[in-house]
**Student:** 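Encoded as structure tokens, here's the structure I'll be asking about.
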Amino acid sequence: MTASGTEVIRVSHVYKQYRQGTYNLSLRHEAGIALKRILGRYVRKEAAAPFFALHDITFSVQAGEAIGIIGRNGAGKTTLLRLLAGITKPTSGSVEVHGRFATLIGLNAGFNNDMSGRKNIYLNAAIFGMPPSETVAIEQQIIDFADIGTFIDMPVKVYSSGMQARLGFSIAIHILPEIIFLDEVLAVGDEAFVRKCTERILRFKAEGRTLVVVSHSLSWVRTLCQRALWLENGHVRMDGPAADVLAAYKESVDLQKL
């Protein structure tokens with residue numbers, strides 16, 4: 001694992017331009033589009049006028065740091081996480097991520113629905129950069145954590161959304177990533193599953209892995225992160241200790257409600 005204090009993420013003067021009507025796609029939707037591009041099945045639709053979702057974003061993250069990205073809807077949080085995860089590219093500027101990472105967003109986006117859950121373990125592990133020779137050693141651990149029983153050998157298309165989330169999360173965490181990108185995925189699944197996932201994420205944090213969390217839950221960010229980045233209208237409004245940033249953000253939101 002990368003030594004604590006080493007820079008593992010650098011975002012330098014990033015701008016991201018979308019066309020109106022496309023910038024607010026969900027991460028799950030855009031990850032699905034990325035898979036279709038790989039498979040040669042994506043058909044581009046006619047685009048409309050441009051819109052800048054991010055303006056001159058610059059920051060870095062050190063190994064072992066846990067940073068929460070906050071802001072109102074449309075602030076640019078999802079766009080920034082897409083860039084960090086490599087789902088999309090910046091219009092200008094640069095994004096560097098060093099080390100194996102797991103993208104806990106749209107947990108079933110990389111699944112082939114006609115393949116079994118077991119075969120999708122190998123497909124998804126490969127997407128994360130793990131070769132089959134390494135995946136064999138953790139296959140049973142993934143299956144045990146997902147806890148979907150005999151469905152593991154059935155096509156993913158017969159899975160419920162909760163079962164897909166279980167398997168997707170289990171695959172992501174068992175590749176032992178150095179960096180974890182997390183976007184509200186724990187809203188999916190039953191209470192016991194969410195509790196088990198939360199415990200694993202907290203364990204990763206204790207092990208010194210790097211966390212980048214996007215959430216509307218200030219308490220969730222407060223629990224996981226020592227630093228917060230507040231985005232507003234595509235700009236960095238504030239970057240600093242989580243307690244200070246969350247307090248300022250909450251005050252701003254409360255004032256806007258008056």
Side-chain angles (χ1 to χ4, degrees), residues 1-4 6-9 27-28 30-42 61 63-64 81-82 84-89 95-159 162-183 185 189 193 196-197 199-212:
M1 189 181 301
T2 305
S4 178
T6 303
E7 186 177 88
V8 292
I9 297 173
L27 282 164
R28 174 178 175 181
E30 187 152 348
I33 288 175
L35 181 61
K36 287 180 180 179
R37 286 196 182 103
I38 294 172
L39 299 175
R41 299 176 185 171
Y42 177 64
V61 179
L81 203 60
R82 287 175 179 148
L84 293 174
I87 294 173
T88 188
K89 302 294 183 183
V95 176
E96 300 175 39
V97 178
H98 303 284
R100 176 180 284 174
F101 62 85
T103 310
L104 302 185
I105 54 181
L107 287 175
N108 62 348
F111 286 156
N112 182 320
N113 288 332
D114 293 320
M115 292 169 55
S116 70
R118 190 183 300 273
K119 290 183 178 179
N120 268 287
I121 289 175
Y122 287 85
L123 173 62
N124 277 257
I127 291 173
F128 283 128
M130 177 175 282
S133 58
E134 293 182 29
T135 307
V136 170
I138 61 171
E139 176 186 342
Q140 194 57 49
Q141 296 174 44
I142 293 171
I143 293 171
D144 291 343
F145 189 94
D147 193 23
I148 58 175
T150 58
F151 279 93
I152 193 64
D153 290 308
M154 297 182 186
V156 168
K157 63 186 176 184
V158 305
Y159 288 17
M163 291 168 63
Q164 292 181 18
R166 284 175 178 268
L167 184 58
F169 186 91
S170 186
I171 294 169
I173 63 171
H174 281 91
I175 65 167
L176 296 179
E178 296 182 54
I179 305 167
I180 301 172
F181 298 126
L182 178 65
D183 180 44
V185 294
F193 172 70
K196 182 164 66 169
C197 292
E199 291 172 354
R200 182 56 65 95
I201 291 170
L202 289 172
R203 186 193 307 175
F204 276 177
K205 180 184 176 183
E207 291 172 352
R209 302 182 191 278
T210 306
L211 298 179
V212 179

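This structure is a prediction, so every number in the text was calculated from the model and none was measured.
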**Student:** Can you name the closest pair of heavy atoms from Ala172 and Pro177 and give their distance?
**Tutor:** O-CD, 3.7 Å
**Student:** Counting C-beta onward and ignoring hydrogens, is there a side-chain heavy-atom pair between Ile180 and Val212 closer than 4.5 Å?
**Tutor:** no
**Student:** Please round to the nearest 0.5 Å and tell me the distance separating atom CD1 of Ile9 and atom CZ of Phe101.
**Tutor:** 9.0 Å
**Student:** Kindly say whether Gly64 contributes a backbone atom to a donor-acceptor pair with the side chain of Thr210 at under 3.5 angstrom?
**Tutor:** yes
**Student:** Is there a donor-acceptor pair under 3.5 Å between the side chain of Arg100 and the backbone N or O of Ile179?
**Tutor:** no
**Student:** Rounded to the nearest 0.5 Å, how far does NZ of Lys205 lie from CD1 of Ile201?
**Tutor:** 11.5 Å
**Student:** So do the side chains of Leu167 and Ile121 get within less than 4.5 Å of each other, counting heavy atoms only?
**Tutor:** yes
**Student:** Quick check: do Asp114 and Lys157 have side-chain heavy atoms less than 4.5 Å from each other?
**Tutor:** yes
**Student:** Given side chains that start at C-beta, do those of Phe169 and Ile142 come closer than 4.5 Å, heavy atoms only?
**Tutor:** no
**Student:** Main chain of Asn112, side chain of Lys119: is a donor-acceptor contact present, judged purely on distance under 3.5 Å?
**Tutor:** no
**Student:** Would you compute the distance between atom CE of Met130 and atom CD1 of Ile171 and round it to the nearest 0.5 angstrom?
**Tutor:** 11.0 Å
**Student:** Indicate the atoms forming the closest heavy-atom contact of Phe111 with Val156, along with that distance.
**Tutor:** CD1-CG1, 3.8 Å
**Student:** Parallel, tilted or perpendicular: which describes the rings of Phe145 and His174, with under 30° parallel and over 60° perpendicular?
**Tutor:** perpendicular
**Student:** Is any side-chain heavy atom of Gln140 closer than 4.5 Å to a side-chain heavy atom of Ile143?
**Tutor:** yes
**Student:** Donor-acceptor pair, distance only, cut-off 3.5 Å: does the side chain of Ser170 make one with the backbone of Arg166?
**Tutor:** no
**Student:** So, do Ile138 and Glu134 sit near enough that their side-chain heavy atoms are less than 4.5 Å apart?
**Tutor:** no
